[in-house]
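Notes for the one structure printed next.
So you know, we letter chains A, B, ... as the sequences are listed, proteins then strands, and number each from 1.
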Protein chains: 2
Amino acid sequence: MSAAPSEARPAPLTAVFAALGDDTRWQILVRLGAEPASASALSTEFPISRQALAKQLEVLRGAGLVEAERHGRELRYRAIGAALGEAARRLERVASGWDERLAAIKAAAEAAAPAEAGAERHRE
Amino acid sequence: MSAAPSEARPAPLTAVFAALGDDTRWQILVRLGAEPASASALSTEFPISRQALAKQLEVLRGAGLVEAERHGRELRYRAIGAALGEAARRLERVASGWDERLAAIKAAAEAAAPAEAGAERHRE
DNA sequence: TCGTCGTGCAATTATGTGGTTGCAGATCGA
DNA sequence: TCGATCTGCAACCACATAATTGCACGACGA
């Protein structure tokens with residue numbers, strides 16, 4: 001069933017953000033965005049152990065933010081910019097409707113109590 | 001445009017994503033995006049306690065994703081769509097450079113080993 | 001072949017965090 | 001004033017997780 005060439009799973013939005021929400025992981029991701037690297041190579045640049053790096057890389061991979069490629073005996077990770085862009089697009093899409101809708105609601109609320117904008121009474 | 005009355009701090013990107021990375025918080029945020037509500041009101045719609053809601057709302061507020069407004073004795077929270085849009089924009093900005101740069105690096109690597117694209121040998 | 005380097009798996013630890021209950025204080029309606 | 005709510009603070013618990021160390025396995029170079 002896993003005939004997908006790379007990562008075809010959309011990975012739930014919250015999972016992606018959870019992956020992005022860790023400082024260490026974010027730094028790793030940015031680093032990989034500059035240039036692919038293996039866990040061992042990263043361990044020389046980061047203050048944490050190689051195994052810790054490997055775990056975080058696995059999390060990022062699970063979120064679809066990086067992909068791994070074998071080069072001989074080393075696993076080289078690279079950031080997937082498209083995944084980040086996709087998350088950004090989804091985020092913006094969710095956000096787009098809010099301000100408009102909420103402004104309408106706010107206006108309606110103020111129209112219902114024009115003399116008490118900001119501290120309307122519930123008497124009606 | 002610069003005289004934001006409440007939250008003028010940009011809130012670190014990772015903090016915003018950490019806030020978005022929790023399933024419960026995401027649902028709360030979406031709910032508030034549909035219509036403002038107080039913690040008590042939300043507690044009737046969510047399967048968790050009011051205090052748990054209050055904590056999550058505080059996290060969202062710390063991330064600049066929601067803002068609270070007093071209406072009498074109740075605190076009404078509303079989602080800030082602009083904050084989400086800002087996060088999305090920052091995300092896309094970071095992502096934009098990657099694919100391009102990484103494609104160039106990949107091309108260079110393949111040019112260095114044209115006969116072994118995908119499994120180059122390290123001899124010579 | 002042998003030594004080295006990089007990876008993978010497992011067990012352990014410490015801290016963070018999402019959730020709960022309980023109680024005190026403030027505010028609204030009657 | 002009195003009762004009903006809604007908020008705010010604090011202690012507490014359970015679980016997730018970020019990081020560690022240790023060891024075994026496989027691939028590369030000499």
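As a whole-Å value, the separation of Leu60(A) CG from dA18(D) P is 10 Å. Going from atom CG of Asp23(A) over to atom P of dT17(D) covers 17 Å, rounded to whole Å. The separation between Arg70(A) atom CZ and dG26(D) atom P is 12 Å, rounded to whole Å. If you take CZ of Arg76(B) and P of dC28(C), they are 13 Å apart, rounded to a whole angstrom. Between the CG atom of Leu75(A) and the P atom of dC9(C) there is a distance of 11 Å, rounded to whole Å. Protein atom CD of Glu69(A) is 14 Å distant from nucleotide atom P of dT7(C), rounded to whole Å.
The pair Glu92(A)-Arg89(A) fails the salt-bridge criterion, with no side-chain N (NZ, NE, NH1 or NH2) lying under 4.0 Å from an Asp/Glu carboxylate O.
In this model, a side-chain donor or acceptor of Arg73(B) finds a partner on the base of dT5(D) within 3.5 Å.
Residue Gly81(B) comes nearest to Ala95(A) through the heavy atom pair O-CB, 3.5 Å, listed as atom of the first residue, atom of the second, then distance.
For the pair Tyr77(A) and Leu53(A), the minimum side-chain heavy-atom distance is 4.5 Å or more. Side-chain contact between Leu42(B) and Leu57(B) is present, with at least one heavy-atom pair separated by less than 4.5 Å.
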Heavy atoms under 4.0 Å is the rule here; annotate nucleotides 13-20 of chain C 5' to 3' with B where the base is hit, S where only the sugar-phosphate is, and - elsewhere. -----SBB
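Only one option out of Gln51(A), Arg25(A), Arg61(A) pairs with Gln56(A) in a side chain to side chain donor-acceptor pair (under 3.5 Å); it is Arg25(A).
Here the CZ atom belonging to Phe17(A) is positioned 7.0 Å from the CG atom belonging to Leu91(B), to the nearest 0.5 angstrom.
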